[in-house]
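Quick notes on the structure that follows.
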Amino acid sequence: MNLFQSWQTAIPQLLPAVGLSVALAFCAWGLRAVTATAALTGVVLTVVLCLGAGPTALFPILIVFLLTFVTTRVGHRRKERIGTAERRRGRGPLQILANVGVAAICAAPLMFVSHGRYILLAGASAALAEAAGDTVSSELGQAFASNPRLITTWRRVAPGQNGGITFIGTLFSFCAIIVTCTACEWSNLLLDQFYWTVCAGAFFGTIVDSLLGATLERPGRLGNNGVNFTSTAFSAALVIATLFLQHWR
């Protein structure tokens, strides 16, 4: 949707999206899944995404939230014992920005131009899928796996350590990517022919996330939010570059 082509058409479509975004943010805050400032950040990013991609973009955001909310609470007692449990106040604004910001950035140009629409939206879909896959991998890996290995050296590390990966976490990560990409496809953000390219880009992004965790986050050179933002940006950039090259060759 081009925002400046038809305000008369855009505004009636966007009002429900804005209202639903606020409702989702309020519910997330009420469930203590996010702080108040994080809820506000989520509303802004979701509205930008809906302005560029259309109101149906709210659906994959909802799916990412549900995947994050449920998996964060699985095995909570064990996570508390090893010191990796989510804080009781919920996720902060920088965490929301790190996970959803790249998707909003990909969709933002579509408020002004429509050229390359589905390639940019494929990038947004990859960013959302990577964020979901990374969170699910981390949370369920901590909940069920006991022997994670550092991705760079393959030596065993304690559960919850940056750069540690597990088979079960990786498996759940790919499942979360599939679920999120399917939600994007149903919401008309993702074309059928781009589906597996986006899934692959999102999965490679989770690998980059683990590599950054092992090489930069463990030594304290980059924070967790920086790692998450960079890995979602990598997934989006990889997918956009791949699809542009395929389109123009």
Side-chain angles (χ1 to χ4, degrees), residues 33-35 37-38 41-42 44-45 64 67-68 71-72 75 78-106 108 123-124 126-143 145-170 172-174 176-177 180 200-242:
V34 297
T35 64
T37 51
T41 302
V44 172
L45 294 175
V64 172
L67 288 170
T68 301
T71 57
T72 298
R78 185 185 184 202
K79 294 172 188 175
E80 284 185 325
R81 287 199 303 271
I82 63 178
T84 60
E86 183 73 35
R87 60 180 184 172
R88 293 188 179 275
R89 291 180 59 204
R91 294 175 181 264
L94 290 180
Q95 289 174 291
I96 303 301
L97 181 62
N99 287 316
V100 186
V102 171
I105 290 170
C106 289
L128 291 175
E130 193 284 331
D134 174 56
T135 301
V136 169
S137 172
S138 176
E139 296 294 342
L140 295 187
Q142 294 170 29
S146 57
N147 295 309
R149 293 182 179 273
L150 194 65
I151 191 171
T152 50
T153 64
W154 211 243
R155 65 180 176 85
R156 291 183 179 181
V157 293
Q161 290 295 304
N162 298 320
I165 61 172
T166 62
F167 173 77
I168 192 167
T170 303
F172 278 125
S173 172
F174 188 72
I177 288 170
T180 306
F203 185 74
F204 283 131
T206 63
I207 302 300
V208 169
D209 185 281
S210 296
L211 288 170
L212 291 174
T215 58
L216 296 180
E217 190 175 2
R218 278 174 66 87
R221 297 171 187 161
L222 188 64
N224 181 254
N225 293 326
V227 169
N228 289 341
F229 186 88
T230 302
S231 56
T232 55
F234 172 85
S235 293
L238 178 62
V239 166
I240 290 172
T242 300

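All values reported here derive from a predicted model rather than from experimental measurement. Worth knowing before you read on, the calculation uses all heavy atoms, side chains too, and leaves out hydrogens, waters and symmetry mates.
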**Message:** I'd like to know whether I151 forms a side chain to side chain contact (heavy atoms under 4.5 Å, CB included) with I207, so could you lay out the CA-CA distance, the side-chain angles of the two residues, the decisive distance to 0.1 Å, and finally the verdict.
**Reply:** CA-CA 9 Å; I151 191 171; I207 302 300; 4.1 Å; yes
**Asked** Got a donor-acceptor contact below 3.5 angstrom from the S235 side chain to the G201 backbone?
**Response** yes
**Message:** Applying side chain to side chain donor-acceptor pair (under 3.5 Å) to E139 and T135, what does each step give before you reach the verdict?
**Reply:** CA-CA 6 Å; E139 296 294 342; T135 301; over 6 Å; no
**Request:** Take L94 and F229, measure what side chain to side chain contact (heavy atoms under 4.5 Å, CB included) needs, and give me the verdict at the end.
**Result:** CA-CA 10 Å; L94 290 180; F229 186 88; over 6 Å; no
**Item:** Residue list, side-chain hydrogen bond (donor to acceptor under 3.5 Å, both in side chains) with S231, at least two apart or on another chain
**Value:** E130, D209
**V64 side chain near L67 side chain, heavy-atom distance below 4.5 Å** = no
**Message:** Going by side-chain hydrogen bond (donor to acceptor under 3.5 Å, both in side chains), name the residues that satisfy it together with T215, two or more places apart in sequence or in a different chain.
**Reply:** none
**Request:** Kindly say whether G169 contributes a backbone atom to a donor-acceptor pair with the side chain of S137 at under 3.5 angstrom?
**Result:** yes
**Message:** Taking the side chain as everything from C-beta on, heavy atoms only, tell me whether P148 gets closer than 4.5 Å to I165.
**Reply:** no
**Message:** So Q161 and R218, do their side chains get closer than 4.5 Å, heavy atoms only?
**Reply:** yes
**Prompt:** Tell me, do I168 and F172 make a side-chain contact under 4.5 Å, heavy atoms counted?
**Reply:** yes
**Request:** Using a 4.5 Å cut-off on heavy atoms from C-beta on, say whether the side chain of P93 contacts that of T35.
**Result:** yes
**Message:** I'd like to check N99 versus R91 (side-chain heavy atoms, cut-off strictly below 4.5 Å). Are they in contact?
**Reply:** yes
Using atom types as modelled, flag every donor-acceptor pair under 3.5 Å from a side chain in residues 221-228 to any protein atom, sequence neighbours excluded.
from	atom 1	to	atom 2	distance (Å)
N224	OD1	N228	ND2	3.1
N224	ND2	E217	OE2	3.3
N228	ND2	N224	O	3.4

**Asked** With no hydrogens and no angle check, is any side-chain donor or acceptor of T180 less than 3.5 Å from a backbone partner on A176?
**Response** yes
**Request:** Report yes if the side chains of T152 and L211 come closer than 4.5 Å at any heavy-atom pair, otherwise no.
**Result:** yes
